[in-house]
Each structure stands twice: as structure tokens, then as C-alpha cells.
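Beneath this line is the structure, given in C-alpha cells, with notes to follow.
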Amino acid sequence: MEEEFLFDFSDDAQRSVERYEEMIRNEDQYFFDAQAFENIIDYYIDKSDPVKALQVIEYALNQHPYAAVFLVKQAQLFFVTDQTERAFLALQKAEMLEASEAEIYILRGNIYNSLERYSEALDNFQIALGFAETTDEILLQIAYVYQNMLDYEQAIVYIKQSLEQNMENKDGLYELAFCYDILDKQEESIQFYQEYIDNDPYSYAAWYNLANSYHKLDLFEKAIDAYDYAILIKDNFASAYYNKGNALVQLDRYAEAIEVYKQTFEYEPPNADTYCAIGECYEKLEHMDEARAYYKKSVKMDHKMADAWFGIGVTLNFEERYFESLHFYRKALELDGENPDFWFAMADAYYKLGQIEQSIEAYYKVLEFNPVDIEAWLDFSTVLYEQGRLLEASETILDGIKNNPDAAELYYRMVAYLFALGEKNDALAYLETALVTDPDKHYILFEYLPQLQDNGSIIEVINRYVK
């Protein structure tokens, strides 16, 4: 006959676990109070061992068959182990024992949300609101449901209600920023965070989200100031340092950005993204050895960092090591084959190596993936023009105009090609269109073909638009 002992270790979680494991080893039957069982279950959950946690729950339910808390924990574990139907059954039993327990409806709402059964999820969260003592987290869960439904306006309503109850809820602050970003309502976002900061000036999360909103509106100076406040409040805020570095880059303050990026390493391990960002700053400063060193650190840490492979190629191209640069451009394209910038660099390197057909093929790729790149249309047509393929050059520019009907540069280039083809009347018609679109850019025509400055017909048309 098994010996039975009574242990009350609710104030000593570790002792409860030790005694439970002793019971299992000895194949004895000890009695634990409900709190002790909760401690043991939570211990195994924290250890990411749901199997043992579920075993403890079976013991707990045998000894405390009317304690709904164990059924709720059982449902949680069934949910995370993809046993959804068993989770629902456990919650049903818990509801029969203690229908006013808010956790039952919160968990059921989360399960329904994961199953994309949003209406049922919302119904359960609404029931939970009626039973819970504090509701800020439930309101946030409702907001998540509306986010999944792509109803970001309604999500904002519930996030704000959550924050009204708990201003310290950082998740709510970040989720609100996400919703405003999706809706492209940065001005409203700024207004909200400014008002929030008036009430809680020491919220680093609010300053950080305010800074991000400024950043998205290209208000980089204001963004930097807000990032500085976030860092002042939380000096180990690595994300704020990183984003401040990005803002400095936008202002071409590359040396400062490098120092800020490096500060992130004091508070989090170096990562491939930051190494790549530092490399790009050195590249912009034309310190190619340092740039290449950081790009190499980036790809060493993450072999799939396409931008860093590309950056190595750019540094080699700058040093006129075109053949070597192609290897690294290819590495980048293996990872991101539809990146028009990578193809543009390939096209340029092939051109500089005199591999014209490969350059032309690469230009086709650039324009396939980014038909609004004006420079690509111009450069591609130049390659064709230099090969004496005048008709193809003009047809290329015509395609460019179809994709970019407001780009005066393309119309001026068309004028040059049509004159070269001897199609004077068509050339003058395109010149008028170019001058209507942007008369101040007429100098582009003469930069490309200086001899046209002596063409009386062209000068006459220009003088009608440019005083």
C-alpha cells in the first residue's frame, strides 16, 4: 500500500519541485496543495517541458478535481502543443467549474484568434472584460484581433483604451505605432505621442515611437532629437541608437552615424545589419578599405546578407577592380535576384569591361524590376547609342517615356536621338513637350550633344519657353 504524505510548499517553489521529483522517483503518492502544484507546473513550463507539465496537471486534477486553474493551464499547454480540440474541451470543463474565471475566456479568445475565427474570439474577450479585475491586456488582445482582420482603425481604438488604463504598457505603444504606420497616419501618430509624453515625459518607448514617426516623414533632425531623449531615459536602448544612426545617414552625416552604430555594440551583440550599415557609411566617405572590412564582417555573420555582398562589389568597383566586383554582385543577386540596384551595378561593370551584350542583358533586368528608374533608361540608351544602334536607343527612350511620362530628361534625350536619326520634325515636337514638362532642364540636351547648341531650329523653340 502506497504511503501518503502531506507537503505544503507553496512558499517554496523549488522545494515543491524537488519533492515532486522525489515522489516520481520513489513511485510514492504525496499530497500537494493547489499552490504547490501551480509552482511545479510553472517550473516545467519555464523549462519548456510541456510533457512534464501536463503530467503534473494530471496529478493535480486527481488531487484537486474542482480547481479550474489546472484545467486552464492544461488548455494552455494543449494549445501550444497543437492539440486544439483538447484545449477547447479543457476550457469547457473549467467553465463548468468556475464560469466567472476571466482566464478561461481570454485563452479561448486567443485560440479562436489563431484559428482566424475572429468573431468568436471577440465574443470571448468581451466576456472576459466583464469578469477581469484589470482589463488593459484584454483590450490589447482585442486590438490584435482587429489587426488580424486588417481593421487597423478599430485596433487603434482598443489600444488607446488599453493605454488609458496602463500607460506603462510598452507593447501597446509599439502596436499603436505599427497601426499608424500601416495607415500612413504619421501626423496623427506624432500628435498622440506628443500628448502621451506630456503626461509621461520619461517614457522611453513613447519618445522612440515619436522619433520613428518623425523619421518616416523625413523630419530627420526632429527624429534625432527624439531618439536622444529615448537614449537619455534608457541608455542601453540599442534600437534607438541604431535608428538614430539611420537618421544621421539620411542627413549625410556618415562619420557621426558610424559612431552611433558602434554604440549599439555596448548594449547588444554585434549583428550583420549593423556591420553592413557601418560599411555603407565608410563607403559613402570613400574609405573603401574600412567599408570592405565591415561588409566582410557582415557576410561572415550572415551569409545571406545580400546588401553586404553588394557593398563589397561597390568598393571594388570604386577601385576600378571591375572584374572582381562582378563576383560579389553575383553573390548578391543569388540572394535577391529581383533587386534592380544589383542589376544596375552589374550592367555598369560589364560595360566598363567592354562586355556590351552582357551589359545590355543586365539593363533589361534593371528596367524589368524598376521601370521608373530614369537614370537606368538614360544609361541603357547611351550604351546602345555608342554601339551605333540609334534606332534601338530611341525605342528604349520611348519605352522609358511610356513608363515615366513626366520625366523631362527622357524627352530631351529623345530629341537628341531623333536629330541623330535625321528626324528633325519629330525631334522638335519632342523638344516642345520637354520644355512644357520642365524648361529649366533644357541644358541636358546640350550636355549630351553639344553640337545642337548651333542648331537654329532648336534655339528658336527653346527661346519661346526660356527667357
**Message:** What verdict does the side-chain contact (heavy atoms from CB on, under 4.5 Å) test give for Glu153 and Val157, after you've listed the backbone C-alpha separation in whole Å, the side-chain angles of each residue and the deciding distance to 0.1 Å?
**Reply:** CA-CA 7 Å; Glu153 295 282 6; Val157 171; over 6 Å; no
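- When the salt bridge (Lys or Arg N to Asp or Glu O under 4.0 Å) test is applied to Lys352, the partners found at least two apart in sequence or on another chain are Asp348.
- Here the straight-line distance linking atom OH of Tyr180 with atom CD of Gln186 works out to 10.5 Å at 0.5 Å rounding.
- What you find for Phe70 and His64 is that their closest heavy atoms are CE1-CB, 3.9 Å.
- From Asn209, atom CG reaches atom NE2 of His215 across 14.0 Å, with rounding to the nearest 0.5 Å.
- The residues Lys216 and Asp184 are annotated as not salt-bridged, no charged nitrogen and carboxylate oxygen being separated by less than 4.0 angstrom.
- Listed here is the closest heavy atom pair of Ala155 and Gln147: CB-CG, 3.8 Å.
- Side-chain contact check for Tyr202 versus Ile197: every heavy-atom pair is 4.5 Å or farther apart.
- Between Met414 and Leu398 the shortest side-chain heavy-atom distance falls below 4.5 Å.
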**Prompt:** Between Glu392 and Ile360, is a side-chain contact (heavy atoms from CB on, under 4.5 Å) present by the stated rule, with each step listed?
**Reply:** CA-CA 11 Å; Glu392 288 181 64; Ile360 288 171; over 6 Å; no
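- The shortest side-chain heavy-atom distance between Phe131 and Glu101 does not fall under the 4.5 Å cut-off.
- Under the 30°/60° scheme for interplanar angles, the aromatic rings of Tyr282 and His287 are found to be tilted.
- Taking CG of Asp49 as the start and CD1 of Ile41 as the end, the distance is 13.0 Å to the nearest 0.5 Å.
- Taking the centre of each ring, Tyr229 and Phe237 stay at or above the 6.0 Å mark.
- Scanning all heavy atoms of the two residues, the minimum distance from Val249 to Ala257 falls at CG2-CB, 3.8 Å.
- Between the side chains of Glu266 and Tyr241, no donor-acceptor pair of N or O atoms lies under 3.5 Å.
- Ring planes of Phe328 and Trp309: parallel class, angle under 30° (limits at 30 and 60°).
- Between Tyr214 and Phe220, the distance from one ring center to the other does not fall under 6.0 angstrom.
- Side-chain contact of Asp307 with Tyr295: a donor-acceptor pair under 3.5 Å is absent, judged by distance alone.
- For the pair Gln126 and Leu129, the minimum side-chain heavy-atom distance is below 4.5 Å.
- Taking all atoms of both residues into account, the shortest heavy-atom contact from Lys244 to Ile231 is CD-CD1, 4.4 Å.
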**Prompt:** Where do Asn246 and Gln250 land on the side-chain hydrogen bond (donor to acceptor under 3.5 Å, both in side chains) test, with the steps shown first?
**Reply:** CA-CA 6 Å; Asn246 292 341; Gln250 295 296 324; over 6 Å; no
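- More than 12 heavy atoms of other residues, nucleotides or ligands sit less than 6.0 Å from atom NZ of Lys234.
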Can you give the donor-acceptor pairs under 3.5 Å from side chains of residues 311-325 to other protein atoms, not counting sequence neighbours?
| unit_1 | atom_1 | unit_2 | atom_2 | d |
| --- | --- | --- | --- | --- |
| Thr315 | OG1 | Arg292 | NH1 | 3.0 |
| Thr315 | OG1 | Ile312 | O | 2.6 |
| Glu319 | OE1 | Arg292 | NH1 | 3.4 |
| Glu319 | OE1 | Arg292 | NH2 | 3.4 |
| Glu319 | OE1 | Arg321 | NH1 | 2.8 |
| Glu319 | OE2 | Arg292 | NH1 | 3.4 |
| Glu319 | OE2 | Arg292 | NH2 | 3.3 |
| Arg321 | NE | Glu324 | OE2 | 3.0 |
| Arg321 | NH2 | Glu324 | OE1 | 2.9 |
| Ser325 | OG | Tyr322 | O | 2.6 |

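- For the pair Lys297 and Tyr294, the cation-pi criterion (under 6.0 Å, within 45° of the ring axis) is fulfilled.
- Nearest heavy atom pair, residue Ile397 against residue Leu410, reads CG2-O, 3.3 Å.
- In this structure, the side chains of Ile159 and Leu163 come closer than 4.5 Å at one or more pairs of heavy atoms.
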Mind listing the side-chain donor-acceptor pairs of residues 361-379 below 3.5 Å, one per line with the distance, residues two or more places apart or on another chain?
| unit_1 | atom_1 | unit_2 | atom_2 | d |
| --- | --- | --- | --- | --- |
| Asp373 | OD1 | Glu375 | N | 3.2 |
| Asp373 | OD1 | Ala376 | N | 3.1 |
| Trp377 | NE1 | Pro371 | O | 2.8 |

**Request:** Go through Asn124 and Ile106 one step at a time and tell me if the side-chain contact (heavy atoms from CB on, under 4.5 Å) criterion holds.
**Result:** CA-CA 7 Å; Asn124 276 273; Ile106 293 171; over 6 Å; no
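- For Asn243 and Tyr208, the side-chain atoms include at least one donor-acceptor pair closer than 3.5 Å.
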Return a table of donor-acceptor pairs under 3.5 angstrom between the side chains of residues 91-98 and protein atoms on other chains or two or more places apart.
| unit_1 | atom_1 | unit_2 | atom_2 | d |
| --- | --- | --- | --- | --- |
| Glu95 | OE1 | Arg108 | NH1 | 3.1 |
| Glu95 | OE1 | Arg108 | NH2 | 2.9 |
| Glu95 | OE2 | Tyr105 | OH | 3.3 |

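- Counting heavy atoms from C-beta on, the side chains of Tyr112 and Tyr118 never come closer than 4.5 Å.
- Checked by atom type, the side-chain pair Asn199/Glu195 shows no donor-acceptor distance below 3.5 Å.
- The 12-atom threshold is exceeded at CD of Glu268, counting heavy atoms of other residues, nucleotides or ligands nearer than 6.0 Å.
- The shortest distance between side-chain heavy atoms of Thr396 and Tyr385 does not fall below 4.5 Å.
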**Message:** Using side-chain contact (heavy atoms from CB on, under 4.5 Å), reason through Asn166 and Ser162 one step at a time and then give a plain yes or no.
**Reply:** CA-CA 6 Å; Asn166 180 10; Ser162 175; 5.7 Å; no
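- Heavy-atom neighbours of Tyr174 OH from other residues, nucleotides or ligands within 6.0 Å: above the threshold of 12.
- To the nearest 0.5 Å, the span separating CG on Leu107 from CZ on Phe88 amounts to 8.5 Å.
- Rounded to the nearest 0.5 angstrom, Ile156 CD1 and Lys185 NZ are separated by 6.5 Å.
- At a cut-off of 3.5 Å, with distance as the only test, a side-chain donor of Asp252 or Tyr254 sits close to an acceptor on the other residue.
- In this structure, Lys262 places its NZ atom where more than 12 heavy-atom neighbours from other residues, nucleotides or ligands lie under 6.0 Å away.
- Residues satisfying the side chain to side chain contact (heavy atoms under 4.5 Å, CB included) criterion with Arg86, sequence neighbours excluded, are Phe78, Gln83.
- Shown here are the side chain to side chain contact (heavy atoms under 4.5 Å, CB included) partners of Thr382, two or more places apart in sequence or in another chain: Glu386, Arg413, Tyr417, Tyr448.
- The side-chain heavy atoms of Thr437 and Thr433, taken from C-beta on, include a pair separated by under 4.5 Å.
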**Request:** Determine, step by step, whether Glu286 and Lys284 satisfy the salt bridge (charged side-chain N to carboxylate O under 4.0 Å, His left out) criterion, reporting the C-alpha distance in whole Å, the side-chain angles of both residues, the deciding distance to 0.1 Å, and the verdict.
**Result:** CA-CA 5 Å; Glu286 298 186 0; Lys284 296 296 185 183; over 6 Å; no
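- Between Tyr275 and Phe265, a ring centre-to-centre spacing shorter than 6.0 Å is recorded.
- Atom SG of Cys179 sits about 7.0 Å away from atom OH of Tyr152, to the nearest 0.5 Å.
- When all heavy atoms of Gln165 and Asp136 are compared, the pair lying nearest together is OE1-N, 3.2 Å.
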